[in-house]
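Before any comments, here is the structure.
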Amino acid sequence: MTEHCLLFRFPVPSSTRTPEGWAVNWQGCAVMGILNATPDSFSDGGQHLSLEAALHSAQQMQQRGVFMLDIGGESTRPNAEPVEAATELDRILPLIRALKGAGVLLSVDTMKPEVAAEALKAGAHLVNDVTGLRDPAMVRVCAEAGAAACIMHMQGEPRTMQKNPVYTDVVAEVHSYLHSRAAEVKAAGVPSVLLDAGIGFGKTLEHNLALLRATAELSAGPDPVLVAASRKRLIDYLAGVPEAAERDAGSLALHLDAARRGAAMVRAHAAAEHVQALRVQEKLLKVDD
Ligand SMILES: Nc1nc2ncc(COP(=O)(O)OP(=O)(O)O)nc2c(=O)[nH]1
């Protein structure tokens with residue numbers, strides 16, 4: 001089973017100290033549990049707006065073996081209402097502070113450097129920026145804090161990205177972008193990165209399928225790969241499930257396949273179910289080895 005590693009420059013739960021920094025190592029495919037503290041996320045908006053509800057979900061996910069919790073205060077779906085930094089911070093800081101020291105890795109899902117900076121100060125460990133750290137200020141925030149980052153590919157902006165996404169060779173273009181961004185941000189001092197092809201972010205169904213089928217190719221590189229297809233529209237196109245909240249089985253199918261292709265982590269709403277299914281699959285594959 002493949003060993004994966006993320007490096008941080010500050011102490012993180014379940015980490016070992018190496019000359020390069022605090023290393024978090026894991027085998028197989030880990031689960032990043034989604035915790036959206038938003039009123040309008042495309043599939044679970046409003047479910048975690050109260051601190052009590054969010055902490056209850058976080059505790060359940062942690063007890064069931066989730067590796068990292070991804071905390072977001074602004075929806076990234078197409079045509080989502082933009083959120084002021086202050087509002088985003090009001091939504092996520094109480095949750096991050098309450099979970100700090102709880103023994104689970106915390107990522108902050110934000111496009112704003114000022115939000116990332118405050119979230120890292122409050123106890124987050126990794127910045128998950130769907131714009132791929134496009135803003136140089138975000139690179140500086142991660143480097144200065146010694147935080148790892150998730151670099152995601154997005155063509156265009158959330159408002160316009162699904163209008164008419166076009167590529168010459170989507171796999172080659174997305175992989176080339178991810179590898180070059182990873183090299184650039186690490187050269188700027190970010191200790192470690194996760195790579196994410198950005199399923200649903202400026203992609204057609206065919207683009208998404210080609211990228212998912214190319215997970216092994218991306219995973220063969222030096223950086224761990226995150227696959228995040230949970231409840232996304234391609235599941236409706238593939239299996240006819242118009243309601244986003246009813247797409248967890250299809251999400252699991254896509255993520256189990258991604259794990260078999262070498263994904264280091266998957267980002268999921270039904271996180272506990274994903275932990276269970278991945279553990280079963282890993283044991284099954286071990287017998288096949
Ligand atoms: N790295 C990464 N982060 C992401 N954050 C949000 C969403 C959208 O999903 P969700 O958080 O459920 O919805 P919303 O953005 O509406 O809150 N997708 C990704 C993704 O594909 N990759």
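Both ligands and their constituent atoms are indexed starting at 1 by order of listing.
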In the protein, which heavy atom is nearest to [atom], and how far is it?
atom                    : result
atom 16 (O) of ligand 1 : S75 OG, 2.6 Å
atom 12 (O) of ligand 1 : H269 NE2, 2.8 Å
atom 17 (O) of ligand 1 : S41 OG, 2.5 Å
atom 13 (O) of ligand 1 : F42 CD2, 3.2 Å
atom 2 (C) of ligand 1  : D196 OD2, 3.2 Å

In ligand 1, which numbered atoms sit nearer than 4.0 Å to a non-hydrogen atom of [X]?
X    : answer
K232 : 18 (N), 19 (C), 20 (C), 21 (O)
N128 : 1 (N), 2 (C), 3 (N)
L226 : 1 (N)
M152 : 2 (C), 20 (C), 21 (O), 22 (N)
A228 : 20 (C), 21 (O), 22 (N)
V130 : 3 (N), 4 (C), 5 (N)
D109 : 4 (C), 5 (N), 6 (C)

Less than 4.5 Å apart, any side-chain heavy atom of [X] and any of [Y]?
X    : Y    : answer
H274 : S251 : yes
V31  : M265 : no
T215 : V227 : yes

Regarding ligand 1, does [X] bring an N or O atom to under 3.5 Å of one of the ligand's N or O atoms?
X    : answer
R267 : yes
T38  : no
S43  : no
D40  : no

What is the distance from atom [atom1] of [X] to atom [atom2] of [Y], rounded to the nearest 0.5 Å?
X    : Y    : atom1 : atom2 : answer
L252 : S230 : CG    : OG    : 8.5 Å
Q155 : F201 : CD    : CZ    : 13.5 Å
L105 : H125 : CG    : NE2   : 5.5 Å

Do you know which two heavy atoms are closest between [X] and [Y], and how far apart they sit?
X    : Y    : result
P113 : D135 : CG-OD2, 3.4 Å
T38  : E74  : CG2-N, 3.4 Å
L89  : P94  : O-CD, 3.9 Å

Next item on the list: May I ask whether C150 places a heavy atom under 4.0 Å from ligand 1?
Entry: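 A heavy atom of C150 does come that close to ligand 1.
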
Next item on the list: Please work out which of N36, L35, T76, T110 has its closest non-hydrogen atom nearest to atom 8 (C) of ligand 1.
Entry: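 Closest candidate by heavy-atom distance is T76.
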
Notebook entry, point to check: Would you call R260 and E282 a salt bridge, taking side-chain N to carboxylate O under 4.0 Å as the test?
Noted result: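 Looking at R260 and E282, the cut-off is not met.
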
Item checked: Lys/Arg N to Asp/Glu carboxylate O, R77 vs D40, below 4.0 Å ->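 Salt bridge present between R77 and D40.
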
